[in-house]
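A quick write-up on the structure given underneath.
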There are 2 protein chains.
Amino acid sequence: MLEASPQVGADSSGHTLKDVGTPCLILDLDRMDRNVARLRSRLDTLGVALRPHLKTTKSVDAARRVMTTAAGPATVSTLKEAERFAAAGVTDLTYAVGISPDKIERVLALRAKGVDLAVTLDTVEQARAVAEASRLAGDAIPALIEIDCDGHRSGVLPGDAAHLIAIARALEDGATLRGVLTHAGASYDARGDDALRACAEGERAAAVQAATILREAGFACPVVSVGSTPTAHFAQNLDGVTEVRAGVFVFFDLVMAGIGVCKIDDIAVSVLATVIGHQPEKGWILVDAGWMAMSRDRGTAKQAVDQGYGLVCDIDGQPLGDLILADANQEHGILKVRPGSASPLPDLPIGTRVRILPNHACATGAQHDSYHVVRGNDDRIEAVWPRFGGW
Amino acid sequence: MLEASPQVGADSSGHTLKDVGTPCLILDLDRMDRNVARLRSRLDTLGVALRPHLKTTKSVDAARRVMTTAAGPATVSTLKEAERFAAAGVTDLTYAVGISPDKIERVLALRAKGVDLAVTLDTVEQARAVAEASRLAGDAIPALIEIDCDGHRSGVLPGDAAHLIAIARALEDGATLRGVLTHAGASYDARGDDALRACAEGERAAAVQAATILREAGFACPVVSVGSTPTAHFAQNLDGVTEVRAGVFVFFDLVMAGIGVCKIDDIAVSVLATVIGHQPEKGWILVDAGWMAMSRDRGTAKQAVDQGYGLVCDIDGQPLGDLILADANQEHGILKVRPGSASPLPDLPIGTRVRILPNHACATGAQHDSYHVVRGNDDRIEAVWPRFGGW
């Protein structure tokens, strides 16, 4: 069932960081492997399973190094991800975005191929649609009820017994209640270890509370799923939780470093760029990576250290003082020393290559169709891993 | 030399806005054709050529409706655009981002196929590299010197005669000085018709001043190229200018509407999304279009009317009061009524379809691999036009 990986791009095989075309997305596999090992070790200690969110990598090659087995479990954010990873042999998947009725047909098509794909919902209306489609297809679709643990997005309040039970009843008229699922998105705004631990405990407690209500009402509710990269790294206790979903931990990024979940030198993805100009009287260096290569994500803007559109490193991945990608046009990036820093503007002649660490790995990755894989200080590109987008 | 358009996506042909998979990018061809006709008419009156910037559409099908002829002229922001459009028969191209020496080989390869591809630069160092490569290849690459008309990015100051002449001399040692090129990027921050007219005149005057210096020093400098969508629509006089580059005018977007260059109902692209949830106590409606579908561009944040991540319309493209995509996760969008508005929250049940107008058409387009083409109030998708990304 494994699909062959697409051909390595002919224009990159045999290349190095010095001569591959820029801008392009670089993945340091040593850092990625270290990040994955770190979270696995934590979750082993806490006694819960890892169901990694593959929305970060969108790459079969990367996913295989992140999942516990080649068949999963894993989480996806689009049905296209589900279809692509299923075609590569992943058979245990949760689609963690609220299902709309028109998407159920694609869910059933994947399930008919032997993929155990579960859906997510938080209304009776969705539960009825999933149950009806299940009855018509003769396939009880498993569904997780999304719980709102911190008010940041969707979900049922964890103590709203009437709503939880109404959804579960509507579901079980043809479909199956697999469990509850929550995501502590507000952890991205938490500052300090104590606040992060509190977020993690709040996430755990909300999911367990909702599961307990459902079980006391007679529903099995076998799965209690939580997850965000910050809470996964700060949870002290996951009693009652059966699995953790996290995504960006694989690569980490400047937002995660700003929160304190990782260090700068844990960040495994960067954008390789080339110097194309200077405006010396302004203290600017121009590069060929603008927002098209970095994304428009400015996630560090509200953190203590604003990294602009990215932190600039030399070709070996070492930060060049406080040089940041301060402003971006579509294909032009303007490098400046971060305001307030005494760090000097480095001398980077036309043609110099730099690596820019992203604010948000998921957003920057989405701007590229492949990863150029390197290891540590070796500048050889040892593989090109395709990545996909779309829905 | 025309390449066959890739197949229309099998899952979209015969579909309508009511049943195509969401999120997806919708292009209203009636609006696009009207936008193109409007700028063509203006430039005809002003007596200058249009060299449209194809970085906005990145689509062969769209480009053919925008260019004056199937062979160009046109502008590109990446060499991949140059290669793709050249393969589709476009032979008159300007690559309008500063050239790095390692990219010259790809420029020469396209020129060897008969494409009149010009490059852009603003340093003696680049000019020497282009001249040397031209000598070695026996092909005098035409180059435009970028002029900095408003301090927003790259370029030589228009009155810096010594620098202009040094670049021209270095160039003509093997390559060819085709002319000067400037882009009034600061026009995006101009407010009011008078300010926009002043930007346009500043852009014109800077380019003409630099060209005059070069001509007085003995260089032919045949091309005087200016262009941004705001200045192209507000220029009162383009004396001395030979061509206008503009890109986003084809689609327009909320940033352009905020500047006053277009009206909301000129915006030709939108993202079709489906309602997937409600948080009624917060006044939120959840849809399946988050930042992955819209991009992270928040270009209206600094304008008089902040449109969040986009202005929400019904399936026919009519705004739903002041409903905006106020916040976005990767695949979740949160719709709210704009703060301060008395507009009621519309009743949009699960499964309802909406169309969201983007802040920045170039950025939103880049998140999608095709345009679903409709016309006016007809909800049939009459074509699916592929678009490409990458470098």
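In what follows, chains carry the letters A, B, and so on, assigned in the order in which the sequence lines appear, proteins first and then strands, with residues in each chain numbered from 1. Not measured: the values here are computed from a predicted model.
- Within the 4.5 Å cutoff, side-chain heavy atoms of D288(A) are placed close to those of K103(B).
- Side-chain atoms of E331(A) never come within 3.5 Å of backbone atoms of T78(B) as a donor-acceptor pair (strictly under, hydrogens ignored).
- Interface check for chain B: of the options C362(A), G277(A), G351(A), S295(A), the most heavy-atom pairs under 4.5 Å are formed by C362(A).
- Proximity to chain A (any heavy atom under 4.5 Å) is shown, for A129(B), by neither the backbone nor the side chain.
- For N329(B), the part sitting under 4.5 Å from any heavy atom of chain A is the side chain, from C-beta outward, and nothing else.
- In this structure the side chain of S100(A) never reaches within 4.5 angstrom of the side chain of V275(B), judged on heavy atoms.
- The minimum heavy-atom distance linking E125(A) with P349(B) is given by the pair OE2-CB, 4.0 Å.
- Side-chain atoms of R153(B) and D327(A), non-hydrogen and from C-beta on, never get closer than 4.5 Å to each other.
- Interface remark: of the candidates G389(B), S370(B), A363(B), P101(B), A363(B) forms the most heavy-atom pairs closer than 4.5 Å to chain A.
- Comparing G390(A), A96(A), G155(A) by how many heavy-atom pairs each has under 4.5 Å with chain B, the most go to G155(A).
- In this structure, chain B has heavy atoms under 4.5 Å from both the backbone and the side chain of I350(A).
- Listed for the Q367(B) side chain is no donor-acceptor partner under 3.5 Å among the backbone atoms of A366(A).
- Here H332(B) is the residue among H332(B), Q279(B), R106(B) with the most heavy-atom pairs under 4.5 Å with chain A.
- With a 4.5 Å cut-off on non-hydrogen atoms, H360(A) touches chain B through its side chain but not through its backbone.
- Taking CH2 of W391(B) as the reference point, atom CG of L25(A) lies at 9.0 Å (rounded to 0.5 Å).
- Nearest approach of V97(B) to I276(A), heavy atoms of both residues: CG1-CD1, 3.7 Å.
- Taking D297(B), I334(B), I99(B) one by one and counting their heavy-atom pairs under 4.5 Å with chain A, the maximum is reached by D297(B).
- Taking OG of S77(B) as the reference point, atom CD of Q330(A) lies at 5.0 Å (rounded to 0.5 Å).
- Proximity to chain B (any heavy atom under 4.5 Å) is restricted, for D102(A), to the side chain, taken from C-beta onward.
- Both the backbone and the side chain of S154(A) have a heavy atom closer than 4.5 Å to some heavy atom of chain B.
- K282(A) places a side-chain N or O within 3.5 Å of a backbone atom of G151(B) that can act as its donor or acceptor partner.
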